[in-house]
Every structure is written in C-alpha cells, then in structure tokens.
Amino acid sequence: MENADVANVLSQMASMTEVLGGNPFKVRAFRQAAQVVDGLPGPVAALRRAGTLESLPGIGPRIAEKIGEILDTGTCEEHRELAARVPIGIVEILRIEGLGPKTAQELWRRLGVTDLESLREAIAGGRIRELPRMGPVRLRALASALDRYQVRTARMPLYRAVVYADGILNRLRALPAVRRAEAAGSVRRRKETVGDLDLLVSSLEPEAVMDAFTSIPDVAKVIARGETKASIRLESGLQVDLRVLPPDSFGAALHYFTGSKSHNIALRTRAVRMGIKLSEYGVFDREGKRLAGEHEEDVFEAVGLPWIPPELREASGEIEAAEKGELPELLVNEDLQGDLHVHSMRSSDGRSSLEDIWAVGRHLGRRYLAITDHSRSRPLGLGPEEVLEHAEEIRSLSRRLRGGPKLLAGVEVDILADGSLDLPAEVLARLDWVVASIHSRFHESRETMTRRLVRAIESGVVDAIGHPSGRKIGKRDPYDFDLEEVLRAARAHGVAMELNAAPDRLDLDDRSCRLAKEAGVQVVIDSDAHVAHLLDMTRYGVWVARRGWLEKKDVRNAGPASRLRTRRRRAAKRHEEEARP
DNA sequence: GCCGTTTTCGGCCCGACTGTTTTCAGTCG
C-alpha cells in the first residue's frame, strides 16, 4: 500500500459521500486528508507505526483509524458501506471537468449512469438532455471534457509512478540473484506523466527474479511471463514491464529501454555511420565483436560521445551538444537555496503557521523562504493594509528566529482581467518578493491573455510570474497566450518565470523552461506549498528543470537571497521618491 | 470529520462565472 493508494480510498469516500448528498464538510475532510497523505514526503505507514498520524493537519482520530484499516486491509468499513450504496464508477465521472456532484447524482438516479461508459451512451443517445439545466452548450462541453479525460487518464503522474517503481525495485534488489535493478523508460527520463513502468534487472538467474516479480503483493494480474521478460498490472492500474539481462548487457539495455525512441534512432544512425551496431545487448563491430555493453557510459563512448543525462534524451539537440562538449551541467536538488512561493494560514487555503513553515524550511536546508499569501480578490485574501501588517509580522518573526531560513515578506498578487494588479504598486514596492498570477478568466483570447501577463510584467513591481500557463495536469489545459512575447517582456524587465513544482501544475513545463533559458529569462522553482511539509515538492520542479536543460545559473533561487531582486529594486526606489512630498 | 489565544460545540470561504434561466443552480477557484 503506497500513499497514493491510501489517498485514493479516502478520495473515493469523499466522492461517494458527496454524490449521496452527505455532509459537505465531511466530504471536504476526506478530501483534505487524501491530499495530505498523497503529498507526504515519506510512507504514511511509517507515521502510523510511530503513532503520529494525528499530528498531520486535517487528520483526526477517525481518519487516522480509517488509514490504519486501509493500510491493513486495503479498504475500510465505511468505504465498503458507501460502495454498497453508490456505484464506484461515479467516482470517476466526478473527475470530468464541469461535472459536479449534483449532476452526477442526477445522471445516476434519473438516467442510470454508473460509469464512464454509460455516461458516453447517455450523451450519444441524447438522453442526457432530459436532465434539468442541460442545454446544447453544456452538452457539447461535457462531450468534449469526456474525450479529453479519456485521453489523459491513460498516464500516471511521475511523482506517483516513481513511488511504485522504487517499491518494486527495492523488493527486487533485496534478492540474492539480483546484481542491479533500475527503472528505465520515461520514469528515468523524468517525463511528467508515465504510461507504464519499464524496469531492468541485471542477473544470471532470471527465473528467481521472475518468481519474485510476479508474486508482488500489489499484483492485480500477471499479463505475461516469459524467461527474461514479464508484465504485470498493479492494483492501481499501472502496468509494469520487467526485463532481466546478464550483467554484460545491462548498460546497453539500460540505454535502449530508457529511450526516447527518437533519441535511440538518432544514436543508432550515428553508430551505423561509424560502422558499428547498437542494440539492447551491446555495441558490436562489423564482425560481431562486442565493444561495450556492461556500462551505459561505455555505450556512449563507443559512439564517441560523453554520457548524456537521461532527462535530455529526446532527440532535441542533446547529441549535437554532446558532440561539441556543450552539454549543460544540469541543476541538482542541492542547488536550491530558497523557495519563493509559500502560503501560510493567512491565505484562505494555507494551513500552516509561519513558525511551522520556518521549521520545515530549516530542516530542508533552505536559506530563505518568501511567504506569499493571496491578495484580496481571492476569498479571504489580503488587502493593502493587511499585506503590510502581515509583512511586518513576517519580518519581526524572522528577526527573532535563529539558525534557519530568513523569512521574506511577499505576496501572490492576482493579475486582474485587464492586466492590472490586485494591490497598489506602492504597497507591492514595499515587499521583499512579489509573485503575480492569474487565477480567473482563463478563457480570454490569446491576445488578451498575453496582454494581461505583459502588463503585469511591465508594472515594475513584480518579481516573478506564478504558474505562467495556468494548466493543471489531467484537468485543465493551459490558457492560450504567446509565451515568447511574454518572455521578451520578462527579459526586458528582469522578471523571472516560475516553475511551480506542485505535482499537478509543473508550470512552466520542460519545453517552456528551455524557451525561457534561450530567451535569457531566469526561472524560479517554487513549491507553492499550502502545508509546510509540502515545501519539499520543489524536487519535482528540479526534475522538470533538468528536462528543460536548466543549469544553476538559470535558476534565480539557486543563488543567494541578495541576488533575488534586480530590476524591481529600482522601481521600488522610484516609488519611494514619488511618494515623498 | 476536523478544529480550537473565539477551544469540546458550532463553525467550516464565498464570490465569480456560466448556461440556463425569468431568478438561479451548479461548478470552480
């Protein structure tokens, strides 16, 4: 049972309670608990053993008990009761954009819709029009959301896939027959979503490895099992493929199964030109003599190249760069010195105190943390006076606390419909760090969205644009805007672009990071944590940054606090001067 | 179901937006 599995049961309970019209606050409690469990840096089972589950925010005695039950049995009493009253397929229907609990309930009770399949039929047959408030526009929106949903759900977010991969790999590594066990494929390349897991094992006794692999407790189905190759499906729905190879082929196989396909083709073409042959079993000359295969580095060396980090292997210039000795020195986790987008209890949706945030930041070795609560156009967001009061509180606390990160007084200010900011410039100019983000009216035209972002950048009082595309993976597409024009403005005004590391955002994405770098715009990698323990999510951002070719120098919070603000400091000074009589 | 410097009961975010409507329900952030 991984954290994601426990979270999934809790989240199903939330949805089923919701569709039954149960207490909405209970629904929210389940949902929040699911999020907290899903975001934990370590296994929830360890906290349970230590008896500290109830110290987590949003988890009280009842949910702690349910988590215990789920860990032991895979489900719990209340989940079973709910599942007996509501078809479980309803849970999935609720994930469709624009379709909430009320509509799901109507669909189920009036039309007998119980899963995605029957929903599709109800739409296709036109019966869905029998529901109240179901006109042609909603019908079309739902049909399109359903199509997009089915395409998206085929893949699992990387951060979850990695947990499953590590769990299985550790199990395999414990076998005496196993010399090495590694994840290949898109997990190793750190792609943001993963279709299935590709695992490789180096061993001279494949039979024993196969036995262990196909009898993992999580297995729902053994799809195939041969002598050196097997596929299973886990309870979570994830497919896992395993290949077992002898040690002298392991490096070549690791390269081959890491891909990407187009990178492999490019490298093989290069090998052919050099008169050698590359396969998953090794590198061979014309006579079939083995030149390399045990280590991946040797495979690259055989084709005259330095080792290329897996994250770059997309046939997007990495082979040329390797040839010229111009591969980037990719960012690593330890390079990050601070986090510049963190919410405290002052935001309606923040859940941790400044002290808790500081303590987690200290544990992670952060040198600085910007507290950036929401501005007033968000519910319970801060108005001008409140922002300044909050800033005073942050600064005075930071002066008192010793030995940990410096707390910076910041704000996440909303970019309004016309591109103006939700707080006066003279207030923003008095803060240490200002993130500006769009949280509403996502569906304006490309021109309007671009203008909103550019105007915010040109305000002179903004340090970074938060989650610049607004996308939520598997849920909401990015809004339409001209990234290159926004980057040009950002470059001109010294404004950074955020790489928001929340696992459902990862925004900027890898390609956009690379564009930012090429445009000479620095990126900031932020957790956007709403609970203190989620500060560590920046590690997901580092994965994306590496795929985006980012180096330490490209990431502003990989440097000291003294170098955070550049252009904006001058603007602040100007405002101060103007404010003088 | 959680939570508490308003503490063991009684709150818990609420306004904007949209498509459907003659006055608002449902969804979203």
Side-chain angles (χ1 to χ4, degrees), chain A residues 9-11 13-37 53-67 69-70 76-79 81-82 93-107 128-145 343 345-356 373-383 393 412 414-417 422 437-444 466-467 470-472 475-477 479 500 502 504-505 507 528 530-531:
Chain A
V9 175
L10 292 169
S11 157
M13 285 163 61
S15 297
M16 292 190 289
T17 308
E18 194 171 34
V19 171
L20 284 169
N23 179 355
F25 299 107
K26 186 170 170 178
V27 171
R28 198 167 67 191
F30 281 147
R31 205 154 271 156
Q32 263 171 5
Q35 273 171 14
V36 166
V37 169
L53 273 179
E54 287 181 46
S55 69
L56 295 172
I59 294 184
R62 314 260 187 105
I63 292 186
E65 195 189 324
K66 292 188 209 309
I67 290 174
E69 255 188 282
I70 297 168
C76 67
E77 173 91 46
E78 185 164 354
H79 184 273
E81 284 169 13
L82 287 165
I93 286 181
L94 275 177
R95 296 208 192 103
I96 290 162
E97 190 182 0
L99 202 164
K102 296 288 162 60
T103 313
Q105 190 181 64
E106 296 273 2
L107 280 165
I128 196 170
R129 290 296 301 270
E130 292 168 26
L131 294 192
R133 321 187 68 82
M134 186 59 69
V137 178
R138 278 198 78 196
L139 176 59
R140 245 180 291 125
L142 279 184
S144 130
H343 292 274
M345 282 158 65
R346 283 307 298 263
S347 278
S348 59
D349 47 0
R351 320 248 300 147
S352 294
S353 66
L354 295 176
E355 287 84 354
D356 286 350
D373 284 310
H374 287 292
S375 63
R376 59 188 166 185
S377 71
R378 304 271 298 177
L380 293 193
L382 307 174
E393 191 189 333
E412 180 179 15
D414 258 54
I415 299 174
L416 303 174
D422 192 29
S437 314
I438 291 180
H439 289 113
S440 60
R441 301 183 74 110
F442 298 114
H443 297 295
E444 303 285 351
H467 41 75
R471 70 133 172 205
K472 290 214 164 168
K475 202 168 168 209
R476 187 172 70 206
D477 286 330
Y479 40 73
N500 189 300
D504 62 337
R505 288 194 185 268
D507 177 15
D528 195 359
H530 287 65
V531 185

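Source: prediction; values computed, not measured. Per chain, numbering begins at 1; letters A, B, ... match sequence-line order.
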Quick one: which protein N/O atoms are closer than 3.5 Å to N/O atoms of nucleotides 20-23 of chain B? Pair and distance per line, please.
residue : atom : partner  : partner atom : Å
B/dT20  : OP1  : A/Gly135 : N            : 2.6
B/dT20  : OP1  : A/Gly135 : O            : 3.0
B/dT20  : OP1  : A/Pro136 : N            : 3.4
B/dT20  : OP1  : A/Arg138 : N            : 3.3

Using atom names, set out every protein N or O paired with an N or O of nucleotides 8-10 of chain B below 3.5 Å, distance rounded to 0.1 Å.
none

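For A/Phe25, the listed nucleotide lying nearest its side chain is B/dG1; candidates were B/dG29, B/dG1, B/dC17. Comparing B/dC12, B/dT27, B/dC2 by their nearest atom to the side chain of A/Arg28 picks out B/dC12. In this structure, the nucleotide among B/dT27, B/dC2, B/dG29 sitting nearest to the side chain of A/His439 is B/dG29. Here B/dT27 is the nucleotide among B/dT27, B/dG29, B/dG1 with the atom lying nearest to any side-chain atom of A/Lys102. Here the nucleotide nearest the side chain of A/Ile63, chosen from B/dC2, B/dG29, B/dC17, is B/dC2.
Listed by first and then second residue, the salt bridge (Lys or Arg N to Asp or Glu O under 4.0 Å) pairs that reach into residues 132-145 of chain A come to none, sequence neighbours excluded.
Qualifying side-chain contact (heavy atoms from CB on, under 4.5 Å) partners for A/Leu139, counting only residues two or more places apart in sequence or in other chains: A/Ile123, A/Ile128, A/Arg129. Residues passing the salt bridge (Lys or Arg N to Asp or Glu O under 4.0 Å) test with A/Arg28, sequence neighbours excluded: none. Scored by the salt bridge (Lys or Arg N to Asp or Glu O under 4.0 Å) test, A/Glu78 finds A/Lys26, A/Lys66 as partners (sequence neighbours excluded).
Ring orientation note: the planes of A/His374 and A/His530 are tilted relative to one another, at an angle of 30° to 60°.
Using atom C1' as the reference point in both B/dT7 and B/dC3, the two lie 8 Å apart (nearest Å). Of the C1' atoms belonging to B/dT8 and B/dC14, the separation is 27 Å, rounded to the nearest Å. Taking atom P in both B/dC17 and B/dT6, the straight-line distance is 34 Å, to the nearest Å. The C1' atoms of B/dG11 and B/dA16 are separated by 24 Å, rounded to the nearest whole Å.
Remark: side-chain polar atoms of A/Asp422 are paired, donor with acceptor, to backbone N or O of A/Arg376 under 3.5 angstrom. A/Asn500 places no side-chain N or O within donor-acceptor distance of the main-chain N or O of A/Asp507, the cut-off being under 3.5 Å.
Contact check on A/Glu412 versus A/Arg378 returns no salt bridge, with no Lys/Arg side-chain nitrogen under 4.0 Å from an Asp/Glu carboxylate oxygen.
Here A/Glu78 lies in heavy-atom contact (under 4.0 Å) with sugar-phosphate atoms only. Within 4.0 Å of A/Pro61, counting heavy atoms only, lie sugar-phosphate atoms of the nucleic acid but no base atom. Residue contacts shown for A/Ser377 are absent, as no nucleic acid heavy atom lies under 4.0 Å away.
Contact of the A/Thr103 side chain with the A/Ile93 side chain is not registered, since no non-hydrogen atoms from C-beta on lie closer than 4.5 Å.
Mapping A/Gly100 and A/Ile59 onto DNA chain B by nearest heavy atom places A/Ile59 closer to the 5' end of the strand.
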